[in-house]
Amino acid sequence: MKIPSPILTLFIFLSPSLALANIETCLDSVCQGGEPLIRFPFRIEGKHAESCGYPGFIVSCTQNAQTLLNLPNWGPLKIQSINYAAQQLWVNDPKNCLPNRLLSLNLSASPFRAVYHQQFTFFNCSLNLEYLVSRYRPIACLSDSPKYVVFATPSPTAVGHLTSVCNLVATVKVPVQSPFYDQVMSSELVEDLRLSWDSPACGRCESHGGRCGFKSNDTFELDCSGVPSKGISRGARYAIAVCIGIPAMLCSFGVLSCICGWLKNGNHDRHWAHETVADFEALVGSWPTTVSGLDRPTIESYPKIVIGENRRLPKKGEKTCPICLSEYMPKETVKSIPECGHCFHAQCIDEWLPLNASCPICRTSPRKLPQPRARSSP
Ligand SMILES: *[C@@H]1O[C@H](CO)[C@@H](O)[C@H](O)[C@H]1NC(C)=O
Ligand SMILES: *[C@@H]1O[C@H](CO)[C@@H](O)[C@H](O)[C@H]1NC(C)=O
Ligand SMILES: *[C@@H]1O[C@H](CO)[C@@H](O)[C@H](O)[C@H]1NC(C)=O
């Protein structure tokens, strides 16, 4: 079925990607579908020009399409995900033995640091002490001999005990995912490491829907483009386009076809208009109006608090909003995601969730509220 060209024109006009096309000379890229999206400050060696990335943020793709971050002094790490707005990334060992990598952890010459760290002590114990295995969790990939097992523990009690019966291997500050790790007796240390970077500070730009990059390829001066004026984010513009643009289009189309029908008083024309509106509605129905984010009613339902003069938050120790990285101030409204309890400026998370239906910190996917169905499903 044919769609009249004025409607197509309007569609192209409303498309959000087109509005940004003018600023993107360094395109987003991936090693393979499903792998993390790579853009400034990262760049993929061989795919992106040098000026598309910040020094120290070099990514390469392996033959089996893993996304590797190449760190000086510490070798490659597999990138699991990147949160550009929070300036954080999650990494693991490409060879699936993270504890082995942790034994030689060295972030000193890299732009990355731990968000939270926890001190783990590694022990190498003779397997004659079999009762240890029932008490602590052996690190399988380091315990490949039948003669000994390796444990890692953050617990001072366990350290006290193991020191007396095993060989201490090393003490390592592990970049853990959350500060609530200390209850464990011992760990196999398989969880992704959480790292962050301070420079370049593109988080604010990204969290407002913008894209960061160098002003030109001969300076390190940064530029943020694509943030709409008046602080309306990409998501908001998209929502506005969908909420106002489509009804307006439908409405003006309806009015036009009515006028046409009335002027010509011809059954044929009226039939044509009716059919086209039906086509158009089918098209709108198949259009992904919720890109990957969370719906408004769900976001609105989240608990909010206004920070008092003492700046006390539901979770102790969180002084800055992980999205915009600015400190919480008295009288600001803070919102938390009920599923995981992480807090953010209400304004920041309200812009984040319509674009990404996951917590920026722990990647928990919040549940959507059950929705009344507006349209019977096809
Ligand atoms: C990390 O690597 C640098 C450079 O090789 C070295 O000077 C430093 O001592 C290393 N740090 C650790 C903790 O091994
Ligand atoms: C543990 O001890 C054994 C025997 O002394 C040694 O071969 C092995 O390399 C040690 N493992 C680690 C991780 O230190
Ligand atoms: C930027 O880099 C490209 C390719 O490396 C080069 O052709 C171009 O002249 C450079 N532009 C400036 C302003 O240096």
Side-chain angles (χ1 to χ4, degrees), residues 41-43 45 50 53-60 67-80 87-179 181-182 184-200 220:
F42 297 88
R43 73 177 171 94
E45 228 172 358
E50 214 167 298
Y54 205 74
F57 290 74
I58 301 167
V59 168
S60 58
T67 309
L68 299 188
L69 176 66
N70 300 304
L71 295 180
N73 301 335
W74 198 25
L77 289 167
K78 178 170 164 32
I79 300 182
Q80 304 284 39
Q87 297 182 191
Q88 292 181 9
L89 77 163
W90 284 260
V91 294
N92 214 311
D93 178 35
K95 293 188 182 140
N96 296 320
C97 190
L98 189 59
N100 188 34
R101 296 297 303 280
L102 288 168
L103 286 171
S104 62
L105 181 138
N106 190 339
L107 286 173
S108 62
S110 86
F112 305 99
R113 62 175 176 85
V115 181
Y116 302 110
H117 51 228
Q118 177 103 44
Q119 186 155 301
F120 278 80
T121 308
F122 286 69
F123 290 96
N124 193 347
C125 310
S126 159
L127 248 193
N128 298 334
L129 308 165
E130 255 171 51
Y131 73 96
L132 291 174
V133 179
S134 60
R135 192 151 167 196
Y136 305 108
R137 302 173 72 170
I139 295 173
C141 66
L142 288 180
S143 313
D144 50 1
S145 152
K147 296 211 180 80
Y148 59 86
V149 281
V150 176
F151 302 107
T153 176
S155 147
T157 319
V159 169
H161 174 220
L162 290 170
T163 305
S164 61
V165 289
C166 304
N167 293 319
L168 193 150
V169 177
T171 298
V172 179
K173 277 184 166 181
V174 177
V176 288
Q177 299 209 12
S178 77
Y181 221 88
D182 41 14
V184 297
M185 236 358 213
S186 72
S187 167
E188 291 168 78
L189 293 170
V190 289
E191 271 188 65
D192 299 344
L193 306 179
R194 182 177 173 191
L195 302 176
S196 71
W197 68 91
D198 298 317
S199 182
F220 282 145

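Hydrogens, waters and symmetry mates are skipped; everything else that's a heavy atom, side chains included, is used. Counting convention: from 1, in listed order, for ligands and their atoms alike. The shown structure was predicted, so the numbers you read here are calculated from the model rather than taken from an experiment.
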Q: Measure the shortest side-chain to side-chain distance between Leu102 and Leu189 over non-hydrogen atoms and say whether it is less than 4.5 angstrom.
A: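 Yes. Closest side-chain heavy atoms under 4.5 Å.
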
Q: On the 0 to 90° scale, with breaks at 30° and 60°, tag the Phe42-Trp197 ring pair as parallel, tilted or perpendicular.
A: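 Judged by the thresholds at 30° and 60°, the geometry between Phe42 and Trp197 is perpendicular.
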
Q: If you have a sec, work out which protein heavy atom is nearest atom 13 (C) of ligand 2 and how many Å separate them, to one decimal?
A: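 For atom 13 (C) of ligand 2, the nearest protein heavy atom is Val150 CG2, 3.9 Å.
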
Q: Can you tell if the side chain of Ser110 reaches within under 4.5 Å of the side chain of Pro72, non-hydrogen atoms only?
A: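 Ser110 reaches Pro72 side chain to side chain.
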
Q: Quick one: which ligand 1 atoms are inside 4.0 Å of a heavy atom on Ser108?
A: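 What qualifies from ligand 1 is 1 (C), 2 (O), 3 (C).
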
Q: Do protein heavy atoms approach atom 5 (O) of ligand 1 to less than 4.0 Å?
A: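 For atom 5 (O) of ligand 1 the answer is yes, since some protein heavy atom falls inside 4.0 Å.
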
Q: For atom 1 (C) of ligand 2, find the nearest protein heavy atom and state the residue, atom name and distance (0.1 Å precision).
A: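 The closest one turns out to be Asn124 ND2, 1.3 Å.
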
Q: Between Lys78 and Asp93, is the closest basic N to carboxylate O distance under 4.0 Å?
A: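 No salt bridge links Asp93 with Lys78.
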
Q: Should the heavy atoms of other residues, nucleotides or ligands under 6.0 Å from NE2 of His161 be counted, would the total exceed 12?
A: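 Enclosed: over 12 neighbouring heavy atoms sit under 6.0 Å from NE2 of His161.
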
Q: So, for atom 9 (O) of ligand 1, does the protein have a heavy atom nearer than 4.0 Å?
A: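 No, because not a single protein heavy atom sits under 4.0 Å from atom 9 (O) of ligand 1.
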
Q: For ligand 1, which atoms sit closer than 4.0 Å to a heavy atom of Asn106?
A: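 Every atom of ligand 1 under 4.0 Å from some heavy atom of Asn106: 1 (C), 2 (O), 3 (C), 8 (C), 10 (C), 11 (N), 12 (C), 14 (O).
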
